[in-house]
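Working notes for the structure below.
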Number of protein chains: 2
Amino acid sequence: MTPKSSAAKLLPKVPGTGRRQQYSASTKRALIDVAESLFSNQGYAATSLDAIVAGARVTKGALYHHFSGKQAVFEAVFEKVETSASKRIAKGLKGEKDPWKKAILGLREFLACVQDPAYRRVVIQDGPAVLGYEKFREREQRSSFALVQEIVGSVLNAGGWELDDEMLATFSRIFVGALSSAGESVSTSDDPREASARVEIAMGFILEGLRMLEQAGVELPSGPRSAGKTQAPADESTEA
Amino acid sequence: MTPKSSAAKLLPKVPGTGRRQQYSASTKRALIDVAESLFSNQGYAATSLDAIVAGARVTKGALYHHFSGKQAVFEAVFEKVETSASKRIAKGLKGEKDPWKKAILGLREFLACVQDPAYRRVVIQDGPAVLGYEKFREREQRSSFALVQEIVGSVLNAGGWELDDEMLATFSRIFVGALSSAGESVSTSDDPREASARVEIAMGFILEGLRMLEQAGVELPSGPRSAGKTQAPADESTEA
DNA sequence: TGTGAGTACGTACCGACGGTATGTGGAACG
DNA sequence: CGTTCCACATACCGTCGGTACGTACTCACA
């Protein structure tokens with residue numbers, strides 16, 4: 001509440017558009033950095049704004065000047081962590097053309113990302129509860145989910161199957177969920193490397209199944225064409 | 001804060017072991033019921049203890065007599081919702097012997113459960129953040145995850161593959177994650193029935209792939225035998 | 001049937017936290 | 001050199017989770 005020194009951590013030497021705005025931007029970054037650290041270590045609920053502003057050596061006035069509230073700070077941190085991870089993944093599978101190899105590569109890269117405590121806590125654990133599922137999805141859509149969707153799409157298209165956007169999204173959701181859950185189990189494992197290897201084997205096995213379907217020329221049953229009734233592929237009793 | 005009438009909602013007519021304990025049990029149930037409703041509709045953070053005790057027509061003294069705090073109330077609600085869902089699923093697939101059909105049946109039943117706002121909000125959205133991932137996993141382990149693990153195990157064993165417990169757990173984690181994510185997308189969809197059908201198709205397709213692997217006699221690469229080093233199945237560069 | 005004991009609450013209160021209203025000092029600009 | 005405006009600082013409020021303590025009612029036992 002009573003910072004002794006100047007607000008910003010590091011003062012820029014290369015004034016671009018006025019020192020004022022440079023200071024402002026750096027304090028904002030400082031706030032985000034401190035918040036990221038605290039959110040990652042203690043979680044959202046256990047992190048107070050006082051702790052954040054104290055860590056950034058400013059007061060709440062500064063925080064509320066840059067952000068509309070605590071949730072807005074979290075959103076900024078979330079986006080930073082999320083985009084950082086997705087950039088890393090994207091860089092990891094750059095250059096690879098074969099869809100199947102790309103899938104394995106992306107999986108491996110994702111499993112590495114999920115080891116980061118910040119990603120686990122901010123994105124996976126606290127993200128849905130703090131942002132709500134709508135915002136969470138919306139943010140996710142623009143980064144990691146887009147990557148998965150691209151990979152899944154290329155794999156399935158490489159499989160020779162034609163699927164509409166809805167079906168592609170459905171497959172992607174399934175794989176994203178599988179990845180998060182598996183990734184989470186990897187990160188909490190006693191031996192992350194071993195757990196990671198298991199996940200790779202399991203996912204690779206599932207992918208292999210899809211590849212077999214491709215070679216066998218099995219058709220992908222087309223999704224419902226917006227017909228009112230739900231049609232089950234096999235038996236009866238589709239309650240609810 | 002100032003309840004007018006008696007504490008309990010309904011007074012029991014069949015005294016079993018003293019009226020006192022009957023009253024006590026009913027107020028506790030009332031607290032859990034009200035909390036379930038509020039947590040489901042507004043979420044954990046937006047629900048105050050005052051609102052809960054007001055809804056149950058008691059005071060905070062009563063709440064803190066039965067629970068150690070807000071989180072304990074949430075745990076009780078969580079367990080109630082979770083066991084209710086897993087019981088429904090278990091009942092739904094009772095009698096079915098064929099593992100593959102059982103898997104589809106369980107999937108369908110799960111997709112129905114996930115439509116329940118209480119399950120979505122309490123278990124999927126707020127659960128991990130409030131309980132923390134350790135407790136969340138622990139609770140999950142004893143209900144829905146156990147079901148999935150049983151089904152996955154029977155499917156894979158029916159496939160003729162031998163897998164150790166770790167590998168079974170890994171596969172189960174993957175499927176649980178896939179199910180939650182897919183289920184969540186179903187519940188937030190404009191047309192849940194259509195989305196549900198899509199998920200069924202996609203998951204059925206993936207299962208079909210595994211069945212093809214079985215028929216082709218493809219071996220499941222065995223997991224690492226607790227060797228210190230992680231061995232990747234295909235290429236090099238297993239960073240992280 | 002009185003009486004002590006223990007339980008199931010109610011009451012009053014505290015500290016912490018998120019958020020707000022307002023003050024202020026210095027940089028940018030004329 | 002004065003004005004303006006922005007980037008903060010200061011002081012304060014309402015609410016919430018949690019606690020300490022009081023109390024009425026019930027049950028065992030005489």
Side-chain angles (χ1 to χ4, degrees), chain A residues 1-9 11-12 15-32 34-35 38-39 42-76 126 130, chain B residues 1-9 11-12 15-32 34-35 38-39 42-76 126 130:
Chain A
M1 267 309 195
T2 48
K4 274 89 187 181
S5 66
S6 68
K9 260 182 183 174
L11 33 153
T17 56
R19 306 213 311 266
R20 193 76 178 276
Q21 307 173 27
Q22 297 264 337
Y23 281 120
S24 173
S26 87
T27 57
K28 184 171 184 178
R29 265 179 312 191
L31 282 169
I32 293 181
V34 174
L38 293 175
F39 285 155
Q42 322 172 7
Y44 178 80
T47 300
S48 70
L49 293 185
D50 287 330
I52 296 177
V53 298
R57 292 189 303 174
V58 291
T59 61
K60 291 212 285 189
L63 191 146
Y64 276 92
H65 177 73
H66 289 288
F67 303 97
S68 62
K70 191 183 181 183
Q71 180 170 330
V73 178
F74 182 84
E75 286 187 41
D126 283 340
V130 175
Chain B
M1 269 308 192
T2 48
K4 273 88 186 182
S5 65
S6 67
K9 260 183 183 173
L11 33 153
T17 56
R19 306 212 312 264
R20 192 77 180 277
Q21 308 174 26
Q22 296 265 337
Y23 282 118
S24 173
S26 88
T27 57
K28 184 171 184 178
R29 266 180 310 186
L31 282 169
I32 294 181
V34 173
L38 292 175
F39 285 155
Q42 321 171 7
Y44 179 81
T47 300
S48 71
L49 292 185
D50 288 330
I52 295 177
V53 298
R57 293 188 304 175
V58 290
T59 61
K60 291 212 284 190
L63 191 147
Y64 274 93
H65 175 73
H66 288 288
F67 303 96
S68 62
K70 190 183 182 184
Q71 181 170 330
V73 178
F74 182 84
E75 287 187 39
D126 283 340
V130 174

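This is a predicted model, so every value here is computed, not measured.
Between B/Val58 and B/Ala62, the shortest heavy-atom contact is CB-CB, 3.8 Å. Here the closest non-hydrogen pair linking A/Ile32 and A/Ala76 is CD1-CB, 3.9 Å.
Remark: P of D/dC8 and CZ of A/Phe67 are 11 Å apart, rounded to the nearest angstrom. A/Lys60 has its NZ atom 7 Å from the C1' atom of C/dG19, to the nearest Å. Distance, A/Leu31 CG to D/dC8 C1': 11 Å, rounded to whole Å. Going from atom OH of B/Tyr23 over to atom P of D/dA24 covers 18 Å, rounded to whole Å. One atom, CG of B/Leu49, and another, C1' of C/dC17, lie 15 Å apart when rounded to the nearest Å. Following rounding to the nearest Å, A/Tyr44 (OH) and C/dC17 (P) show an atom-to-atom distance of 14 Å. Regarding B/Tyr64, its OH atom lies at a distance of 13 Å from the C1' atom of C/dC14, rounded to whole Å. Going from atom CZ of B/Phe39 over to atom P of D/dG17 covers 9 Å, rounded to whole Å.
One finds no side-chain N or O of A/Thr27 lying less than 4.0 angstrom from the OP1 or OP2 phosphate oxygen of D/dA7. Put simply, B/His65 has no side-chain N or O that comes within less than 4.0 Å of OP1 or OP2 on C/dC9.
Distance from the side chain of B/His66 is smallest to C/dC9 among C/dT20, C/dC9, D/dA9. Taking the side chain of A/Thr59 as heavy atoms from C-beta on, and the options D/dC16, D/dA9, C/dC17, the nearest nucleotide is D/dA9. The side chain of A/Val58 lies closest to D/dA9 when the candidates are C/dG18, D/dG18, D/dA9. Closest to the B/Ser24 side chain, of the nucleotides D/dC16, D/dA7, C/dC9, is C/dC9. Which of C/dG18, C/dA8, D/dA7 sits closest to the side chain of A/Lys70 comes down to C/dG18. Set against C/dG19, D/dC8, C/dC9, the side chain of B/Ala62 has C/dC9 as its closest nucleotide.
Between B/Thr59 and B/Val53 there is no side-chain heavy-atom pair separated by less than 4.5 Å.
Ranked by how close their nearest DNA chain C nucleotide is to the 5' end, A/Ala45 and B/Leu63 are led by B/Leu63.
Rounding to the nearest 0.5 Å gives a distance of 10.5 Å between NZ of A/Lys60 and CD1 of A/Ile52.
At a threshold of 4.0 angstrom between heavy atoms, the contacts of B/Gly61 include nucleobase atoms, whether or not backbone atoms are also involved. Residue B/Thr47 is in sugar-phosphate contact alone, with no base atom involved, counting any heavy-atom pair closer than 4.0 Å across all strands shown.
Among pairs with a residue in residues 48-70 of chain B, none fulfils ring-ring contact (aromatic ring centres under 6.0 Å, His included), at least two apart in sequence or across chains.
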